[in-house]
Number of protein chains: 2
Amino acid sequence: MSLRHAVLATLLPGPQSGYDLAKKFDDVMRTVWYARRNQMYGELAKLTEAGFAEEVAEGPRGRRLYVVTPAGRAELRRWLVDVEPDRTVRDETMLRALLVSTLDSADALKVLEREENALAPELRDLRAFLDQQAGAEKPTDPLMMGLDLRARMVEAMLGWIHEARRRILAQRR
Amino acid sequence: MSLRHAVLATLLPGPQSGYDLAKKFDDVMRTVWYARRNQMYGELAKLTEAGFAEEVAEGPRGRRLYVVTPAGRAELRRWLVDVEPDRTVRDETMLRALLVSTLDSADALKVLEREENALAPELRDLRAFLDQQAGAEKPTDPLMMGLDLRARMVEAMLGWIHEARRRILAQRR
DNA sequence: GAGTACATGTAAATTGTTACATGATTTA
DNA sequence: TAAATCATGTAACAATTTACATGTACTC
């Protein structure tokens with residue numbers, strides 16, 4: 001049940017609506033803990049009921065703004081520091097990578113190329129953004145740290161793709 | 001719905017029971033697509049109903065052995081080659097890494113250290129196994145390729161942890 | 001005034017988790 | 001013969017996905 005804490009942390013910077021959070025999940029959280037728009041509203045309701053968030057204002061178009069309560073901050077800290085992490089993984093990209101080796105070499109190379117074409121531009125954009133932000137005031141900013149981690153992950157995946165291709169081509173002869 | 005294809009691929013090498021598959025998911029698939037023991041039985045039933053697997057024998061203790069049918073092989077290939085991958089991620093380790101920056105520096109360093117202590121031995125074991133297997137006959141074996149990918153991912157995460165620690169300590173002064 | 005983006009939800013179906021139930025065979 | 005491991009499942013609950021429903025404010 002990590003969605004609760006992902007939402008709590010995303011709400012931390014200040015009063016935001018479910019819609020605002022959904023956008024942040026699409027932009028920043030997507031590569032870490034994906035969630036759909038309609039999950040936000042349910043989670044905000046549960047968070048409010050539990051006393052970890054509260055509604056502070058209503059804006060135009062029925063917009064409801066929430067903030068994290070002190071109890072919510074404490075809960076987030078408790079979860080990060082005291083709760084033993086659930087290290088189980090469910091990553092379709094990795095699963096597909098693993099299963100590529102069940103294909104014949106032509107299919108395998110095709111699939112690997114598609115992955116590379118999806119990941120290479122992402123890494124380029126990440127690197128460009130991070131380089132541009134280098135030397136900024138806040139090097140420990142969650143966004144910066146998160147994007148740096150993502151860049152390292154994508155780089156590792158691309159390195160693996162090159163190695164996989166090399167092995168498949170070597171075995172062909 | 002990747003479980004279906006993860007099970008199909010795991011069943012590929014030959015006749016196996018739900019129990020056998022569960023063990024493989026615990027050992028090898030754990031770092032890619034985790035699934036519980038009791039999910040296997042349900043998935044095998046669905047796979048059989050869909051014609052992608054079939055029961056071929058009964059062993060001792062009610063052990064039921066399944067194999068992948070030709071239709072199952074075709075389905076696995078179709079999914080890998082023709083179905084656009086779902087690249088959404090849900091990774092608690094990455095989520096926690098991102099949220100570490102919401103903590104004060106003492107807590108953050110503590111949490112980073114715990115992660116490092118969990119990952120460093122895993123990487124050591126992976127490297128030892130891969131080095132030992134280097135030069136084996138089957139360099140494109142799914143297990144080898146999967147472990148190589150996992151090693152690269154863990155390495156990337158450890159690199160990020162060191163960078164995160166460096167930034168936190170630098171900001172302290 | 002039309003189109004776009006904003007904004008919040010609900011219902012049904014699927015997938016995954018937790019807890020429990022049951023019994024067989026092997027090994028010490 | 002007791003304990004460990006093998007072996008399959010079900011029921012209730014929680015999380016997630018998909019599809020739908022509804023209406024508001026801004027911008028051209």
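Labels below follow one simple rule: chain letters A, B, ... track the order of the sequence lines, proteins then strands, and each chain is numbered from 1.
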Report, as a single string ordered 5' to 3', how protein heavy atoms within less than 4.0 Å touch nucleotides 8-17 of chain C: B base, S sugar-phosphate only, - not at all.
BBB----SSB
Please determine whether residues A/Val68 and A/Trp79 belong to a single hydrophobic cluster, defined as Ile, Leu, Val, Met, Phe, Trp and Tyr linked transitively by side-chain heavy-atom distances below 4.5 Å.
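Same hydrophobic cluster.
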All side-chain hydrogen bond (donor to acceptor under 3.5 Å, both in side chains) counterparts of B/Asp148, not counting sequence neighbours:
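side-chain hydrogen bond (donor to acceptor under 3.5 Å, both in side chains) list for B/Asp148, sorted by chain: B/Arg152.
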Between the opening five pairs and the closing five pairs of the helix from C/dG1-D/dC28 to C/dA28-D/dT1, how far apart are the helix axes, to 10°?
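Computed from the C1' atoms at both ends, the axes differ by 30°.
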To the nearest Å, how far apart are [X] [atom1] and [N] [atom2]?
X	N	atom1	atom2	value
A/Leu44	D/dA15	CG	C1'	16 Å
B/Lys23	D/dA4	NZ	P	18 Å
A/Met40	D/dT16	CE	P	10 Å
B/Glu58	C/dT25	CD	P	12 Å

Side chain to side chain donor-acceptor pair (under 3.5 Å) pairs, two or more places apart, involving residues 44-54 of chain B
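For residues 44-54 of chain B: none.
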Can you pull out every side chain to side chain donor-acceptor pair (under 3.5 Å) where at least one residue sits in residues 80-99 of chain A? Sequence neighbours excluded, please.
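Qualifying pairs, neighbours excluded: A/Glu84-A/Arg87, A/Asp86-A/Thr88, A/Arg87-B/Glu115, A/Glu92-A/Arg96, A/Glu92-B/Ser2.
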According to salt bridge (charged side-chain N to carboxylate O under 4.0 Å, His left out), does anything in residues 3-15 of chain A pair up with another residue at least two apart or in another chain? List the pairs.
A/Arg4-A/Glu43
Determine which pairs satisfy salt bridge (charged side-chain N to carboxylate O under 4.0 Å, His left out) with at least one residue from residues 124-134 of chain A, sequence neighbours left out, and list them in order.
A/Arg127-A/Glu155
Restricting to salt bridge (Lys or Arg N to Asp or Glu O under 4.0 Å), what partner residues turn up for B/Arg73, sequence neighbours left out?
none
Contacts of B/Arg166 that satisfy salt bridge (Lys or Arg N to Asp or Glu O under 4.0 Å) - sequence neighbours left out
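Only B/Glu163 meet the salt bridge (Lys or Arg N to Asp or Glu O under 4.0 Å) criterion with B/Arg166.
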